[in-house]
Structures are given as C-alpha cells and as structure tokens.
Amino acid sequence: MKKISTIVPVYNEEKNVLLMHQALKDVASKLPQYDWEFIYINDGSVDSSWANLQKIADDDKRVVALDFSRNFGKEIALTAGVQNCTGDAAIFLDSDLQHPPALIPDFVKKWEEGAEVVASIRKSTEKKSFIKNAGSHLFYAMIKKMGGMRITENATDFKLIDKKVINELCKFTEHKRLFRGLIEWMGFKTEYIEFVAPERINGVASYSFRKLLSLAINSVSSFSLYPLKLFAYFGVLLTMGSFLLLLFMLFQRYFGDAGMFSSISYVIVSNTLVLGIMLMSQGFLALYVGQIHNEVLNRPLYVVRERIGEKK
C-alpha cells in the first residue's frame with residue numbers, strides 16, 4: 001500500500017487546524033487504498049494551535065506534530081515536514097484552508113499517471129485586495145527579472161511531490177530558501193492544476209507585505225548574482241559619464257563660455273551620484289556576505305521543542 005504524507009505549517013491557526021484536519025480525514029476516507037500520514041509543524045504559534053494539535057494527535061494516531069521553539073518561517077517549516085515525512089509522496093497545504101483539500105484526489109491521480117511534481121496555480125483569490133494582488137505581481141516580476149531561475153507565476157506551495165523529489169530536497173542545506181523555487185530548479189516532470197483560493201475562514205493572513213518583500217530579496221540573492229552585476233554596470237556607466245562630463249567642462253573652460261558651468265556644482269552632483277551608487281552596491285554586497293555568513297555558521301535550520309509521533 002502506497003503512503004501519502006500531508007505537510008501543513010501552522011502559525012496562529014488555533015481554529016483552522018481543527019477544520020483542516022477534519023477536511024484531510026474526509027479526503028483520506030475517499031482514498032482508502034492509500035496509507036496516510038498527517039504532519040503538522042507548529043511554527044512558533046502564540047495562540048492555542050499547539051494545544052489543538054495535541055488533541056488532534058490524541059484522536060488520530062496517523063498524526064505527526066512538531067512544535068518549533070520559535071517562529072522560523074514557512075519555508076523552514078515546509079523543510080521540517082519534508083525531512084520528517086515517510087510517504088511515497090508528500091502534499092503541502094496551508095493551514096488556513098485556502099488550499100482546498102478537496103483537490104487532493106486530483107493531485108494523486110496525476111501523480112499515479114506519472115507526474116513527479118503536481119503543482120497548483122492560483123487563478124484568483126476570493127475577495128483578495130488590490131494591494132495583495134499588486135504585491136504578488138511585483139514579487140513574480142522581480143523573481144523573473146533578477147532571480148536567475150524559472151518560476152511559474154501564481155504557482156503556490158500547494159503541491160504534491162514524489163519520493164524521489166523528497167529525497168533530493170533533503171540534500172539542500174541553505175538557510176534562506178524559496179521552497180517552490182528549489183522544486184522548479186530541480187526540473188522534475190511537473191503537471192499543473194488550477195484552482196480558485198477560497199476566502200480565509202478564521203483569523204487574518206500572517207504573510208505580510210514586509211515578509212513577501214523579504215522573501216523576494218532572499219530568493220533573488222539565493223539564485224542570482226544579477227544585482228551585483230547590475231551595480232557593476234552602473235559603475236561603468238557612471239565612470240564613462242563622468243569622464244565625458246569632465247571633457248565637456250574642460251572644452252567649455254578653454255574654448256567656450258568659461259562661466260557657463262560651475263565646476264564645484266558638477267563635483268557636488270557627481271560625488272552625490274557616486275556616493276548613492278556606492279551605498280546601494282555596498283548594501284547588496286552586505287546582503288550576499290550576510291548570506292555567506294549564515295551558511296558558514298551552519299546552525300540547525302530549526303529547533304524542535306516537542307514532537308508527537310515517530311517516523312515509521
């Protein structure tokens with residue numbers, strides 16, 4: 001009997017986890033030909049999410065639950081799920097039910113037909129704000145332009161991956177990661193399913209614009225040297241422009257209207273431009289050096305305070 005693991009990161013979803021688990025049990029009952037494992041990662045929740053997960057685990061022995069010592073972020077929570085699952089396939093879902101569990105049979109069908117990755121594309125979200133739509137488009141535009149990788153627009157973390165993909169994901173060690181980017185980067189055979197994300201039932205979204213921007217920056221710096229090259233090009237253009245400006249100023253001084261331009265004004269403007277570009281380039285250099293620093297330290301990706309259930 002093949003085994004399927006569902007992996008659900010949880011952050012302050014005390015009401016939704018109960019609904020999520022019931023929905024997953026309903027799906028499992030419709031696919032009795034598979035063995036099921038339900039993995040929940042409590043990512044430093046400050047509400048009653050962990051207490052509810054303990055109740056769920058008491059009632060259902062198929063549940064494995066990890067309680068992080070603090071909030072490590074969704075990407076790390078997904079990583080923990082992959083490293084602790086034992087299924088022939090794993091399915092990632094958000095705990096807010098905006099990734100409909102009812103679509104799982106469609107994922108499994110495509111997997112049985114030979115797909116190594118079954119990914120979802122969000123066509124739209126019910127009552128999604130203009131700001132969130134704009135932020136999402138900006139994120140994908142930034143990744144596409146500077147990320148150095150192919151990533152499907154509006155693809156989500158709601159996907160199924162085969163055991164061979166799970167095994168390869170466990171080999172990745174970087175701390176700053178974009179999970180869906182890593183999966184696409186590996187290049188396994190992928191099929192897609194489109195869906196409309198329902199409105200959140202309880203609570204508010206924890207993935208703020210600031211977190212989305214941080215994820216985009218981390219993704220670019222993890223997959224591409226484009227920002228460093230960009231500022232190198234700016235440096236070349238600025239040097240050439242400054243040289244031509246100096247020639248023009250000298251020509252005006254000796255062969256034209258000597259008083260037409262103030263030398264000190266050009267010095268001030270040029271210095272300001274140079275200083276601004278240097279500060280920006282140093283900022284990006286610091287970002288990359290910081291990434292190197294984090295990887296060299298080689299700290300654990302996460303710390304588990306408590307675990308319910310064991311690998312079988």
Side-chain angles (χ1 to χ4, degrees), residues 1-28 34-97 99 101 104 157-177 179 182-183 202-203 206-207 294 297-312:
M1 181 180 291
K2 291 183 178 179
K3 187 176 186 179
I4 298 176
S5 303
T6 63
I7 298 173
V8 183
V10 177
Y11 181 66
N12 293 340
E13 299 284 0
E14 58 184 358
K15 296 180 180 178
N16 288 330
V17 290
L18 300 173
L19 298 174
M20 167 59 78
H21 190 66
Q22 184 58 54
L24 290 176
K25 288 198 300 182
D26 292 343
V27 170
Y34 299 98
D35 190 12
W36 289 85
E37 175 183 56
F38 307 115
I39 300 177
Y40 295 92
I41 301 92
N42 184 42
D43 189 20
S45 299
V46 295
D47 61 3
S48 300
S49 294
W50 180 244
N52 287 342
L53 288 175
Q54 289 175 311
K55 294 176 183 177
I56 290 172
D58 289 340
D59 295 334
D60 192 339
K61 299 307 178 184
R62 298 172 295 180
V63 170
V64 174
L66 305 179
D67 183 27
F68 280 178
S69 60
R70 63 171 177 85
N71 179 255
F72 286 89
K74 181 182 178 182
E75 306 300 316
I76 300 301
L78 290 172
T79 300
V82 167
Q83 292 178 345
N84 286 274
C85 74
T86 59
D88 297 291
I91 302 173
F92 312 124
L93 304 95
D94 285 352
S95 54
D96 57 11
L97 292 169
H99 292 166
I104 288 178
D157 290 319
F158 183 25
K159 52 172 51 75
L160 177 150
I161 60 173
D162 185 77
K163 183 68 174 180
K164 60 173 68 75
V165 185
I166 295 172
N167 292 336
E168 294 302 318
L169 270 176
C170 288
K171 297 177 183 178
F172 287 85
T173 60
E174 61 258 45
H175 288 65
K176 298 293 185 181
R177 56 180 62 195
F179 217 73
L182 291 177
I183 293 174
N202 297 299
S206 59
Y207 225 75
N294 288 334
L297 287 176
N298 198 29
R299 290 173 179 162
L301 292 176
Y302 53 88
V303 178
V304 177
R305 176 188 288 116
E306 186 177 350
R307 179 190 177 106
I308 299 173
E310 298 294 334
K311 284 187 177 183
K312 298 179 182 180

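Note that the structure is a prediction, hence the values are computed from the model and not measured.
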>> Set out, in order, the CA-CA distance, both residues' side-chain angles and the distance that settles side chain to side chain contact (heavy atoms under 4.5 Å, CB included) for Leu169 and Asn167, then state yes or no.
In response: CA-CA 6 Å; Leu169 270 176; Asn167 292 336; over 6 Å; no

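- Not a single donor-acceptor pair under 3.5 Å links the side chain of Asp35 to the backbone N or O of Met1.
- The side-chain contact (heavy atoms from CB on, under 4.5 Å) check on Asp88 picks up Lys2, Lys3, Trp111, with sequence neighbours excluded.
- The salt bridge (charged side-chain N to carboxylate O under 4.0 Å, His left out) check on Glu306 picks up nothing, with sequence neighbours excluded.
- Nearest heavy atom pair, residue Pro101 against residue Val27, reads O-CG2, 3.3 Å.
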>> Please evaluate residues Ile91 and Ser5 with respect to the criterion side chain to side chain contact (heavy atoms under 4.5 Å, CB included), reporting the C-alpha separation (whole Å), side-chain torsions for both, the decisive distance (0.1 Å), and the verdict.
In response: CA-CA 6 Å; Ile91 302 173; Ser5 303; over 6 Å; no

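- When all heavy atoms of Pro9 and Leu93 are compared, the closest pair comes out as CD-O, 3.3 Å.
- Inter-residue side-chain proximity for Asp59 and His21 is flagged as unmet; no heavy-atom pair is nearer than 4.5 Å.
- Taking 4.5 Å as the limit, every side-chain heavy atom of Arg305 sits out of range of all side-chain heavy atoms of Asn42.
- A side-chain donor-acceptor contact under 3.5 Å links Asp26 and Gln22.
- The closest donor-acceptor contact from the side chain of Ser49 to the backbone of Glu13 lies under 3.5 Å.
- A heavy-atom distance below 4.5 Å is not found between the side chains of His175 and Ile76.
- For the pair Leu182/Phe172, a side-chain contact is recorded, criterion being any heavy-atom separation below 4.5 Å from C-beta on.
- In this structure, Ile7 and Cys85 approach most closely via the heavy-atom pair CD1-CB, 4.3 Å.
- Between the side chains of Glu37 and Thr86, at least one donor N or O lies within less than 3.5 Å of an accepting N or O.
- Not a single donor-acceptor pair under 3.5 Å links the side chain of Ser48 to the backbone N or O of Glu14.
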>> Would Lys15 and Asp47 count as a salt bridge (charged side-chain N to carboxylate O under 4.0 Å, His left out) here? Give the steps.
In response: CA-CA 10 Å; Lys15 296 180 180 178; Asp47 61 3; over 6 Å; no

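- Side-chain contact between Trp50 and Val10 is absent, with no heavy-atom pair separated by less than 4.5 Å.
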>> For Phe68 and Tyr302: C-alpha separation, side-chain torsions, deciding distance, then whether ring pair (Phe, Tyr, Trp, His ring centres under 6.0 Å) applies.
In response: CA-CA 7 Å; Phe68 280 178; Tyr302 53 88; 5.1 Å; yes

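- Between Lys74 and Asp94, the closest side-chain pair of non-hydrogen atoms falls below 4.5 Å.
- Remark: Arg177 is not positioned above the aromatic ring of Phe179, lacking an NZ or CZ atom under 6.0 angstrom from the ring centre and at most 45 degrees off the axis.
- Judged by distance alone, with hydrogens and angles left aside, the side-chain atoms of Asn12 form a donor-acceptor pair with the main-chain N or O of Val46 at under 3.5 Å.
- By the salt bridge (charged side-chain N to carboxylate O under 4.0 Å, His left out) test, Asp60 is found to be paired with Arg62, residues two or more places apart in sequence or in another chain being considered.
- Checking side-chain atoms of Asp43 against main-chain N and O of Gly73 turns up a donor-acceptor pair under 3.5 Å.
- Glu168 contributes atom CD, which lies 11.0 Å from atom CD1 of Ile161 (distance to the nearest 0.5 angstrom).
- Pairing each heavy atom of Gly87 with each of Ile166, the nearest pair is O-CD1, 4.1 Å.
- The main-chain N or O of Leu301 is never found under 3.5 Å from a side-chain atom of Arg299 such that the two would form a donor-acceptor pair.
- Considering Thr6, Ile308, Val8, Leu66 in turn, Val8 is the only one that fulfils the side chain to side chain contact (heavy atoms under 4.5 Å, CB included) rule with Tyr40.
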